[in-house]
Amino acid sequence: MIAGLPFAFGAPAILFGLLALPVIWWLLRLTPPRPQAEPFAPLAILARVLKPEETPARSPWWLTALRLLIAALVILALAEPVLNPRDRALSSGGPLALIIDNGWASAPDWQARTLAAETLIEEAGNLDIPVSVVFTANRRHEATPTTFERARDQLRAAKPQPLRPERSAAVTALTAALGQTRPGTVAYITDGIETVDAADALNRLSALEAAAIRIIGADEANALALTGADNGAEALSLTASRLDTAAAQNFGLTASDSKGREIAAGEIRFEAGEPEATGTISAPFEIRNDIARLDVTGVDTAASVRLLDESFRRRRVALISGEAADIAQPLLSPLYYIKRALSPYADLIEAGNEEMSASIPKLLAQSPAVIVMSDIGTLPEDISKSLDEWIDRGGTLVRFAGPRLAAAPSGSQLLPVLLRKGERELGGALSWIEPQPLADYPATGPFAGLPTPRDVTVRRQVLAEPSSDLAARTWASLADGTPLVTATDRGAGRIVLFHVTAEASWSNLPISGHFVDMLRRVVQLSRAVAGGGEAGSGILPPWRLLDADGALLPASGDARPLDLTAGNAVQAGPDNPPGLYGGEDGFVALNLFSPGEALTPINIPEFEVPVTRSAITGDNAIDFRPWLFAAALVALLADTLIVLILNGAFRRRSLKPASAAAMVIIAGFSLSVFAAPGTGYAQDAQPGDIDLLESLDRTRLAYVITGDDDTDTISKLGLDSLSRYLSSRTALEPGPSIGVDIETAPLALYPLIYWPMSEDADIPSPGAISRIDAYMKSGGTVLFDTRDRIVDLGSGSSALTMRLQQILANLDIPPLEPVPADHVLTKSFFLLDTFPGRYSDGPLWVEALPDTDNPAERPARTGDGVSSILITGNDMAAAWAVDDQGFPMFATIPADPWQREYAFRAGVNIVMYMLTGNYKADQVHIPALLERLGQ
């Protein structure tokens with residue numbers, strides 16, 4: 001073991017070759033290198049000197065050590081050393097039976113799974129044994145043992161499915177394909193999640209009588225699934241289940257509409273040791289009604305997606321009244337206040353015919369979730385039966401009392417409680433009881449959490465007959481204990497009764513804001529009704545289906561229509577994969593997991609044969625042979641070079657001084673080229689030169705980095721948006737904006753620097769103020785933005801304005817004035833008379849022009865007449881800033897749709913003014929400008 005990792009040799013017997021190293025040492029010492037030849041001038045003298053040949057007794061020790069190292073590297077390489085070697089424990093006594101879970105949980109690590117499976121197939125090919133492959137989430141199986149090439153093709157053609165594994169069917173197909181043949185090794189690459197048929201499938205694997213069983217991936221399984229979603233009264237709650245419960249985890253939640261736009265977000269947190277958790281998405285009711293899809297951020301599987309259908313959408317509410325509305329007195333209409341209360345939250349439909357026998361069936365045909373009846377007394381028998389069936393399917397019937405209901409016979413089947421005949425008048429001439437206020441709502445009722453309105457009183461009401469279950473059916477009551485709102489469940493639906501009228505004749509409840517909250521709670525508790533719409537019942541064709549990665553794609557393949565005629569809940573499976581069934585006009589969402597389900601680890605039983613458990617690591621074995629052979633080759637080249645040097649192969653006459661100097665110069669130039677690829681001048685380069693060259697390629701707008709992350713982000717997004725606007729409207733194509741540190745950045749690169757004030761930013765150092773002062777005096781312009789709607793620079797009305805005054809106190813700035821009507825800024829590109837941002841109140845201050853009757857005597861100014869300082873309080877960057885999807889990040893104040901456009905135009909004029917100077921002030925343009933103004 002090396003650092004906790006397995007290490008092995010493929011041919012360990014070759015390591016005995018290391019014992020030969022001492023013999024190699026002895027031989028190398030007896031075989032020294034060739035003697036070095038030394039030239040000597042007096043050859044005649046040497047010719048007369050008879051000298052015996054001399055040979056060194058031994059080679060240098062370091063050369064011998066190098067050659068021993070070469071021999072050792074070759075021996076180690078031939079021994080095939082491998083770090084983290086693969087387990088080559090396949091049995092050759094029969095075919096390899098390979099079972100692979102390719103359900104939804106295999107999608108995130110599918111490549112690692114296929115790599116592990118391909119490694120097993122290659123080992124089977126080396127042993128020349130057939131391979132049988134089955135995939136547990138496939139509908140059809142080709143389990144007949146085949147060659148390893150064919151098995152590899154099957155593996156490469158397979159892909160994860162958005163389904164749960166059906167292991168029992170896969171084992172059945174494998175058993176039938178093997179027949180009487182006993183497999184050598186059964187390898188099961190599992191996703192580690194328990195299913196209803198997992199125990200049966202694994203037990204039947206024992207009947208195959210394999211020589212060995214390998215379980216791969218069970219101990220490292222990690223999956224997450226959304227198991228439910230509920231659109232509550234205040235937030236959307238989700239339930240999720242996970243497999244690995246060791247540590248606490250946080251996951252983000254994203255809600256998207258039907259067009260794929262992210263409209264809300266939330267979070268779900270798992271505590272350590274907890275397999276299930278609940279997350280919430282807090283958003284207004286209108287936004288939650290538009291949610292069509294919920295995703296777990298960073299987890300891309302079919303189970304981490306929750307599709308929503310009409311049951312989570314805006315409810316359809318039908319309105320029926322017992323009397324016609326008086327057009328001359330709409331406030332007395334029985335449905336007026338109901339429509340005003342529900343229209344922002346529901347789709348309202350009204351009976352087009354006062355004859356209930358004709359209007360109510362038409363309303364039921366439109367599958368409303370709620371029907372509101374105002375003072376309906378007696379209903380025809382056939383209509384009552386139709387309404388009763390509609391309620392049993394999940395409809396919510398909301399009734400309001402009135403004279404007709406009070407006079408109707410008792411014992412109606414469409415009331416939550418039994419009523420007394422007539423009504424009770426409170427505070428009348430014959431009553432000693434004063435009008436009653438509302439009591440506090442029950443803590444377990446649907447109105448729990450709503451504040452009790454103390455100004456709402458009831459003057460008249462219908463009374464319920466006392467009964468043992470009256471308290472359980474009471475949602476709201478008066479201070480004297482008499483019920484105000486009662487309800488009862490009927491089948492899958494509900495009946496709710498308000499014991500007062502829907503208009504203000506019996507109570508001032510309908511004209512209070514509390515009436516809206518109560519009706520909204522009732523409608524939110526309703527549900528979509530099956531049986532009346534295209535996607536409510538019947539047989540629905542597949543429309544869009546999820547793939548294993550959670551992507552919603554057009555329906556294809558073997559998916560069958562969704563049969564809802566039986567009225568039972570349908571589970572996702574091979575015939576009905578998760579997705580949307582129906583059509584664009586109406587659909588039903590089928591999710592992989594139903595509410596209440598949970599993920600549990602797979603239970604591996606005990607087998608009679610040896611079982612090997614391993615992780616899905618793929619082929620992460622590291623073979624050291626190439627590295628060792630490469631090292632031996634490098635050492636051999638070094639040895640050859642050393643021998644050549646010792647034998648004088650590189651000895652030449654000394655170079656002349658001029659040639660040596662030329663080679664030094666060429667070498668120096670070459671080193672400079674290699675030191676700075678692409679420039680060739682690295683020896684003269686200074687720190688920041690590369691950034692400087694990149695900043696010179698295009699005009700860029702700059703902003704001061706204040707240190708306040710929120711302020712700097714708004715500045716970045718605002719200037720980038722203004723740059724894109726400039727590219728679309730002008731010939732200027734600025735590059736992305738750049739944040740500058742006024743302490744160190746080269747300010748002269750930027751024609752305009754935007755400086756927003758921030759209370760959290762530090763006061764610039766004197767050195768930074770000095771650099772800004774030099775930048776402004778050399779022709780640069782700084783646009784200060786206090787972002788607080790200042791009108792008077794000297795007022796000091798806010799902390800941001802005072803921060804600006806502190807900075808300006810250390811700058812040598814000229815006199816300032818609001819932009820005059822004839823200033824170049826008003827006509828540098830667009831014709832403007834104001835310079836708004838997010839606010840429109842504050843003026844734009846510029847350097848004041850000296851008053852003189854003779855323009856020729858006006859003193860010269862730097863920067864081609866461009867003001868070196870601009871000051872505004874209108875928060876321009878916030879008006880320009882848009883998010884990644886192109887939506888404005890901040891609303892304008894006031895909310896004028898044209899104000900943002902004028903803010904962009906003001907930004908264009910400021911940039912053009914910086915770049916063109918007083919060009920637009922030339923008199924030659926005045927006639928053309930007057931002609932455009934119609935003068």
Side-chain angles (χ1 to χ4, degrees), residues 688 691-692 694-695 699-723 726 734-788 790 793 798-813 816 835 837-838 842 844-847 863 866-881 889-890 903 906-907 910-911 913-915:
D691 295 336
L692 179 64
E694 291 179 353
S695 299
T699 300
R700 299 172 187 264
L701 305 181
Y703 61 94
V704 173
I705 298 176
T706 63
D708 182 356
D709 294 339
D710 292 338
T711 301
D712 295 341
T713 300
I714 294 172
S715 300
K716 171 67 175 175
L717 295 176
L719 291 183
D720 284 344
S721 179
L722 177 60
S723 298
L726 282 162
S737 61
I738 296 179
V740 296
D741 183 358
I742 58 177
E743 300 280 350
T744 59
L747 305 180
L749 297 175
Y750 312 106
L752 174 68
I753 297 179
Y754 177 79
W755 191 340
M757 296 296 105
S758 173
E759 296 180 15
D760 299 330
D762 297 330
I763 293 294
S765 65
I769 294 295
S770 177
R771 298 180 82 245
I772 286 291
D773 188 71
Y775 165 78
M776 295 168 62
K777 289 181 178 179
S778 62
T781 299
V782 181
L783 173 57
F784 293 92
D785 194 342
T786 61
R787 307 185 299 152
D788 60 355
I790 61 169
L793 288 177
S798 71
L800 295 174
T801 302
M802 295 179 65
R803 176 60 60 91
L804 175 63
Q805 292 174 356
Q806 293 176 344
I807 294 175
L808 296 182
N810 298 318
L811 288 174
D812 184 16
I813 62 173
L816 303 177
F835 297 85
R838 188 184 180 197
L844 178 64
W845 297 78
V846 298
E847 183 176 345
V866 176
S867 175
S868 61
I869 182 172
L870 301 175
I871 300 177
T872 183
N874 289 336
D875 199 4
M876 287 188 164
W880 300 332
M889 298 181 62
F890 302 93
I910 291 174
V911 174
Y913 172 64
M914 297 302 103
L915 299 177

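All residue numbers refer to positions in the sequence shown, counting from 1. Atoms considered below: every heavy atom in the structure, side chains included; atoms not considered: hydrogens, waters and symmetry mates.
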Practice task
Could you go through the side-chain contact (heavy atoms from CB on, under 4.5 Å) check for Arg787 and Ser758 one step at a time?
Solution key: CA-CA 9 Å; Arg787 307 185 299 152; Ser758 173; 4.3 Å; yes
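- The two residues Pro734 and Ser723 have their closest heavy-atom pair at CD-O, 3.7 Å.
- Note that the CG atom of Leu870 and the CD1 atom of Ile910 stand 6.0 Å from one another [nearest 0.5 Å].
- One finds the CH2 atom of Trp880 at 13.0 Å from the CD1 atom of Ile714 (value rounded to the nearest 0.5 Å).
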Problem - From CA spacing to verdict: side-chain contact (heavy atoms from CB on, under 4.5 Å), Met757, Thr706 - result: CA-CA 8 Å; Met757 296 296 105; Thr706 63; over 6 Å; no
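- Here the OG atom belonging to Ser867 is positioned 7.0 Å from the CE atom belonging to Met914, to the nearest 0.5 angstrom.
- At a threshold of 4.0 Å, the pair Lys716-Asp712 does not count as salt-bridged, since none of the basic side-chain nitrogens sits closer than that to a carboxylate oxygen.
- Atom CD1 of Ile705 sits about 12.5 Å away from atom OG1 of Thr711, to the nearest 0.5 Å.
- Across Leu811 and Met776, no two heavy atoms sit closer than the pair CD1-SD, 4.3 Å.
- Just one of Tyr703, Trp845, Tyr754, Trp755 meets the ring pair (Phe, Tyr, Trp, His ring centres under 6.0 Å) condition when paired with Phe784; it is Trp755.
- With no hydrogens or angles considered, a side-chain donor-acceptor pair links Thr786 and Asp788 at under 3.5 Å.
- Across every non-hydrogen atom of Leu701 and Leu722, the tightest pair is CD1-CD2, 4.0 Å.
- The line from CG of Leu752 to OG of Ser737 is 11.5 Å long, rounded to the nearest 0.5 Å.
- At least one donor-acceptor pair under 3.5 Å links the side chain of Asn874 to the backbone N or O of Phe835.
- The CG atom of Asp710 sits 8.5 Å away from atom CG of Asp760, with the distance rounded to the nearest 0.5 Å.
- In this structure, the side chains of Pro764 and Ile772 stay at 4.5 Å or more apart for every pair of heavy atoms.
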Practice task
Begin with the C-alpha distance, continue with both residues' side-chain angles, and end with the deciding distance and a verdict on side-chain contact (heavy atoms from CB on, under 4.5 Å) for Ile738 and Tyr750.
Solution key: CA-CA 9 Å; Ile738 296 179; Tyr750 312 106; 3.8 Å; yes
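- Annotation for Thr781 and Ile869: closest pair CG2-N, 4.3 Å, computed over non-hydrogen atoms.
- Listed here is the closest heavy atom pair of Ala877 and Asp785: N-OD2, 4.3 Å.
- Under the 4.5 Å side-chain criterion, counting only non-hydrogen atoms from C-beta, Glu847 is not in contact with Val866.
- Side-chain atoms of Leu844 and Leu783, non-hydrogen and from C-beta on, do get closer than 4.5 Å to each other.
- Between Ala745 and Val740, the shortest heavy-atom contact is CB-CB, 3.9 Å.
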